[in-house]
Amino acid sequence: MNGTKVEILKEIQSSQEKINHLFETFWENYSNLGTWQWWAMILLLISPLIALYFFLDRKNALSIGFYGLCVHVLFSYVNSYMEREFLWFHPYQLLKQVPISIPVTASLVPVWFMMFYQYSIKKHKNFYIIAIVLSISEAYIVAGILNVIGLLKFGHGFHIYYIIPIDYIVALIAYFLTRLFQKACANASS
């Protein structure tokens, strides 16, 4: 496609409007409040947050919460990239105006990661090993179940075991960011 910058931007805008219309049409027909998928997404949003409320180690809540926030942000970026490249996608959404999986990126995955991080802190376990277990379990339990029930689809030859290194990298980056901020706080108070 040859053209000027303005023509290309207009084509992008036109294509995005068509895609938005398709998302809204799909949501209205197959992902609305009257479908089991919508209620499953509500459950995926609320139940991890309830579990977090009851099982969060309040003594380390700030550290665990910061770690979870890092996971949320990083995983949102990963999810956006994966969906844009059609490697995976979440066909059902809570809101037709927001074509991202809020329950997965904002609740389910961050809380899953937070519980493993909390375990490593409380039990004084090696986080690098815990992160391997976390990555394998998230791939085969969380993503596996979502895939089986149709709330997560894979495309372009993507396999579930590719999630393991992705999760491991997200877990480690979030860990390093958390440790960096913990050290900054410790240095500021000294």
Tracing side-chain contacts under 4.5 Å among Ile, Leu, Val, Met, Phe, Trp and Tyr outward from Leu69 reaches Val73, Tyr77
May I ask you to list the residues sharing a hydrophobic cluster with Val148, side-chain cutoff 4.5 Å, ordered by chain and number?
-> none
Any residue meeting side chain to side chain contact (heavy atoms under 4.5 Å, CB included) with [X], in chain and number order, not counting sequence neighbours:
{"X": "Ala143", "value": "Leu152, Ile160, Ile163"}
{"X": "Lys10", "value": "Val6"}
{"X": "Arg58", "value": "Tyr53, Leu56"}
{"X": "Ser137", "value": "Trp112, Phe116, Ile141"}

Those residues that, when tested against Glu17, pass salt bridge (Lys or Arg N to Asp or Glu O under 4.0 Å) (two or more places apart) = none
What ring-ring contact (aromatic ring centres under 6.0 Å, His included) pairs are there with at least one residue in residues 129-163, not counting sequence neighbours?
-> Trp88-Phe158, Phe154-Phe158, Phe158-Tyr162, His159-Tyr161, His159-Tyr162
What heavy-atom pair brings Pro48 and Leu43 nearest, and what distance separates the two atoms?
-> CD-O, 3.7 Å
Heavy-atom nearest pair, Ala106 first then His72, reads CA-ND1, 3.5 Å
Just wondering, more than 12 heavy atoms not from Leu62 lying within 6.0 Å of its CG?
-> no
Those residues at least two apart in sequence (or on a different chain) that pass side-chain hydrogen bond (donor to acceptor under 3.5 Å, both in side chains) with Asn60 are Asp57
Side chain to side chain donor-acceptor pair (under 3.5 Å): pairs with one or both residues in residues 115-132, sequence neighbours excluded | Ser63-Tyr117
I would like to know whether Glu24 and Asn20 meet side chain to side chain donor-acceptor pair (under 3.5 Å); could you show each step before the answer?
-> CA-CA 6 Å; Glu24 289 181 12; Asn20 289 346; over 6 Å; no
Sequence-distant partners of Phe89, ring pair (Phe, Tyr, Trp, His ring centres under 6.0 Å), two or more places apart = none
Quick one: side chains of residues 26-36, donor-acceptor pairs under 3.5 Å with protein atoms, not counting sequence neighbours, listed by atom name and distance.
{"residue": "Trp27", "atom": "NE1", "partner": "Ser31", "partner atom": "O", "Å": "3.0"}
{"residue": "Trp27", "atom": "NE1", "partner": "Gln93", "partner atom": "O", "Å": "2.9"}
{"residue": "Trp27", "atom": "NE1", "partner": "Leu94", "partner atom": "O", "Å": "3.4"}
{"residue": "Glu28", "atom": "OE2", "partner": "Lys96", "partner atom": "NZ", "Å": "2.9"}
{"residue": "Asn29", "atom": "ND2", "partner": "Thr25", "partner atom": "O", "Å": "2.9"}
{"residue": "Ser31", "atom": "OG", "partner": "Gln93", "partner atom": "N", "Å": "3.0"}
{"residue": "Ser31", "atom": "OG", "partner": "Gln93", "partner atom": "O", "Å": "3.0"}
{"residue": "Asn32", "atom": "OD1", "partner": "Gly34", "partner atom": "N", "Å": "2.7"}
{"residue": "Asn32", "atom": "ND2", "partner": "Glu28", "partner atom": "O", "Å": "2.7"}
{"residue": "Thr35", "atom": "OG1", "partner": "Asn32", "partner atom": "O", "Å": "2.8"}
{"residue": "Thr35", "atom": "OG1", "partner": "Trp38", "partner atom": "N", "Å": "3.2"}

